[in-house]
Amino acid sequence: MSGHKNSRGHLSFKRYYFGPQTVVGHGRTTMVSDLFLFLLVFAQAVSVANCVTPDRREGQSTISNYEVDVRANAAPIHITGERFLSVAVDTNSLNKHWMHFNFSSAKLQTMTRALSPAYLRLGGRAGDFLIFKNPCDGSEPSTGDTGVEDPLTYLCPQDWDDINNFCSDTGLKLIFGLNLLLRTEAGGWDPDNAEHLLDYNTHDVAWELGNEPNSFKKKANITLSGSQIGIDFNLLRTVLNNRVRYVGASVYGPDIGSVGRKKTSTMLEGFLSKTNTTNATTFHSYYLNGRIATVDDFLDPETLDGLLPGQIDLVESLVSKYREPGSRVWLGETGSAFGGGAPNISDRFVAGFLFLDKLGMSARMGLDTVIRQTYYGGHYTMLDLENLDPKPDYWIAYIYKRLVGRRVLRVKITPPTTGSTPCSVKGGDKQYVRVYAHCTSTNQSGYDAGAVTLIVLNMHKNDTANITLARKLGGRTIQQYLLTPYGPEGMTSPEVNLNDSPLHLKDDTSLPEIEPVVIKRGKPMLVPPLSYGFYVVAKAKAKACLS
């Protein structure tokens with residue numbers, strides 16, 4: 001039996017078996033038919049024994065079998081930041097008067113408060129053409145000209161206070177991107193406008209300086225070296241330290257994009273060699289080009305494995321060269337597809353595969369924080385642009401915040417038997433079934449310390465993933481939180497089911513309770529094709545999650 005080894009040495013294989021499950025919640029209890037499951041397993045066994053590959057053109061479901069071993073008694077392999085899952089709003093929203101992102105909306109406040117603790121990053125391309133103007137005279141925004149295609153973006157005192165008060169009311173912390181393209185005649189960063197904002201500000205804010213400086217040549221016809229940017233960050237720290245209330249303020253950067261290109265690596269290394277003023281090193285990553293991406297691209301495991309793992313390894317290796325052990329690395333801006341996202345895809349159910357896998361992979365590979373672009377705005381928005389209704393990625397974040405803790409556990413996926421078989425593993429080397437594990441969060445979940453949460457994705461189009469847990473977690477009751485698309489649109493549905501019931505707000509001030517399906521002791525997890533979810537082993541008593 002063949003397997004694929006990923007960048008962390010974890011093996012991924014295919015195959016396995018079924019059992020009855022009890023579905024609890026929403027006022028009903030249902031026993032899945034033992035006879036049905038037996039017939040399904042028997043048909044699969046006959047197929048494997050005779051090396052017959054089912055005809056996928058008919059779309060019938062088959063079974064891929066997995067055994068998952070979570071090292072629940074070993075030390076965690078990583079502990080994420082307290083605000084690991086965070087969100088962003090693009091600075092360009094200022095040019096649109098925030099659209100329908102109404103800070104006083106009870107609905108918006110309710111949904112945002114449910115994601116706390118988190119950062120809210122206000123940054124992006126428009127941030128490199130932003131001017132703080134005090135007072136504003138009514139001609140803002142979008143007046144003036146930088147000499148390129150982007151008009152100036154004006155930040156007015158009212159906008160500043162509104163977004164900071166919103167963050168304070170909802171338990172978020174603002175990260176604000178200052179304009180790095182304000183330059184002196186000598187070629188250095190000009191902090192004058194930033195100082196006006198700092199002197200006006202009375203809120204607790206973290207700071208960035210510049211957005212994707214690797215692309216400055218294209219968007220502003222300016223080229224800055226990594227070394228110069230590092231010197232600019234040193235000046236920002238000096239400006240902050242010259243004001244008593246900003247001593248110790250958090251600074252993040254350089255928010256570099258296109259990681260993996262030689263010139264980008266050179267820029268990042270030059271930056272790291274010149275400054276040690278940042279609280280974390282940040283980079284940006286997108287899987288796809290939003291203008292041409294397709295649903296099939298979103299469902300291809302190679303999309304998940306072909307870019308991000310290598311980028312994380314590269315940034316972490318450079319940081320380890322110039323920083324002390326344990327220095328933090330952030331995915332400071334990320335989404336499914338650049339260019340504002342893929343229309344009618346990046347805000348739909350299918351995008352959840354990329355979002356949820358990114359969270360799992362980033363935590364496993366040692367990142368401290370992941371900032372999702374965007375909470376509101378563009379084709380990759382987490383909230384409807386008109387009525388603020390939650391999109392599928394919002395519900396992923398909502399459930400993640402309740403069930404997934406900071407401690408990351410090692411996971412190994414192996415076949416139930418060893419040795420070669422006459423039939424090949426379905427899917428070849430592609431990792432269609434993906435599993436990550438954390439200690440369960442005890443803050444909001446209602447579970448006791450020692451519980452383990454699994455994040456599971458099944459990207460097979462026809463195969464049910466039949467997952468059995470090994471060793472410490474084996475033979476225990478499991479709580480299932482399975483997400484599937486709601487409605488006839490399938491993968492492009494803008495809505496989502498939790499355990500076959502649609503997720504909706506109760507009202508503008510109430511989010512729904514998340515009720516699990518109970519998988520009885522000793523029974524495997526049956527993850528349908530093209531679905532993802534969370535599975536909690538409540539009575540695991542995992543040593544990694546008790547200390």
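- Checked for salt-bridge contact, Arg406 and Glu82 miss the test: no charged N lies under 4.0 Å from a carboxylate O.
- By the 6.0 Å and 45° rule, Lys173 does not stack over the aromatic ring of Tyr119.
- Classification of Lys107 and Asp389 as a salt-bridged pair holds, one side-chain N sitting under 4.0 Å from a carboxylate O.
- Under a cut-off of 6.0 angstrom, the local environment of OH in Tyr486 is sparse, with at most 12 non-hydrogen atoms contributed by other residues, nucleotides or ligands.
- Within the 4.5 Å cutoff, side-chain heavy atoms of Ile77 are placed close to those of Arg364.
- The closest donor-acceptor contact from the side chain of Asp368 to the backbone of Phe84 lies at 3.5 Å or more, if one exists at all.
- Under a 4.0 Å N-O distance rule, the pair Glu269/Lys321 qualifies as a salt bridge.
- Side-chain contact between Thr80 and Thr369 is absent, with no heavy atoms from C-beta onward closer than 4.5 Å.
- Here the side chains of Asp300 and Tyr287 are not in contact, with every heavy-atom distance at 4.5 Å or above.
- Taking the charged nitrogens against the carboxylate oxygens, Arg243 and Glu195 do have a contact shorter than 4.0 Å, which makes a salt bridge.
- Between the side chain of Asn497 and the backbone N or O of Pro485, at least one donor-acceptor pair lies under 3.5 Å.
- Classification of Arg121 and Glu208 as a salt-bridged pair holds, one side-chain N sitting under 4.0 Å from a carboxylate O.
- Between the side chains of Asp507 and Thr509, at least one donor N or O lies within less than 3.5 Å of an accepting N or O.
- Between Arg183 and Asp190 there is no salt bridge, since no side-chain N of the basic residue sits under 4.0 Å from a carboxylate O of the acidic one.
- For the pair Leu383/Met111, a side-chain contact is recorded, criterion being any heavy-atom separation below 4.5 Å from C-beta on.
- If you take OH on Tyr200 and CG on Leu197, they are separated by 9.5 Å, rounding to the nearest 0.5 Å.
- Contact check for Ile514 versus Arg402: side-chain heavy atoms found under the 4.5 Å cut-off.
- Put simply, the side chain of Cys545 reaches to within 4.5 Å of the side chain of Leu409, judged on heavy atoms.
- At most 12 non-hydrogen atoms from other residues, nucleotides or ligands lie less than 6.0 angstrom from NZ of Lys274.
- Thr112 and Thr170 share no donor-acceptor pair across their side chains, judged by distance under 3.5 Å alone.
- The side-chain heavy atoms of Thr492 and Glu489, taken from C-beta on, include a pair separated by under 4.5 Å.
- Ring-centre distance between Phe298 and Phe353: not below the 6.0 Å cut-off.
- A distance of 6.0 Å or more separates the ring centres of Trp207 and Tyr252.
- Between Asp169 and Gln109, the side chains place no donor N or O within less than 3.5 Å of an acceptor N or O (distance only, hydrogens not considered).
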- Item | Intermediate values then yes/no, side chain to side chain donor-acceptor pair (under 3.5 Å), Gln373 and His284 | CA-CA 10 Å; Gln373 178 87 353; His284 297 182; over 6 Å; no
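- Side-chain N or O atoms of Tyr398 include one that pairs as donor or acceptor with a backbone N or O of Pro512 at under 3.5 Å.
- Side chains of Asp161 and His203: a donor-acceptor N/O pair is present below 3.5 angstrom, by distance only.
- Judged by distance alone, the side chain of Tyr380 and the main-chain N or O of Thr334 form no donor-acceptor pair under 3.5 Å.
- Here the side chains of Ser105 and Phe103 are not in contact, with every heavy-atom distance at 4.5 Å or above.
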- Message: Pair Phe534, Tyr481 - check ring-ring contact (aromatic ring centres under 6.0 Å, His included), show working.
- Response: CA-CA 5 Å; Phe534 304 83; Tyr481 301 83; 7.5 Å; no
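- Between the side chains of Asp297 and Thr294, at least one donor N or O sits under 3.5 Å from an acceptor N or O.
- Within the cation-pi definition used here (under 6.0 Å to the ring centroid, within 45° of the axis), Arg372 qualifies as a partner of Phe355.
- Screening Asn134, Val205, Leu122 against Trp160 for a side chain to side chain contact (heavy atoms under 4.5 Å, CB included) leaves a single residue, Val205.
- In terms of modelled atom types and a separation under 3.5 Å, the side chain of Arg237 and the main chain of Phe233 share no donor-acceptor contact.
- For Tyr154 and Asp159, the side-chain atoms include no donor-acceptor pair closer than 3.5 Å.
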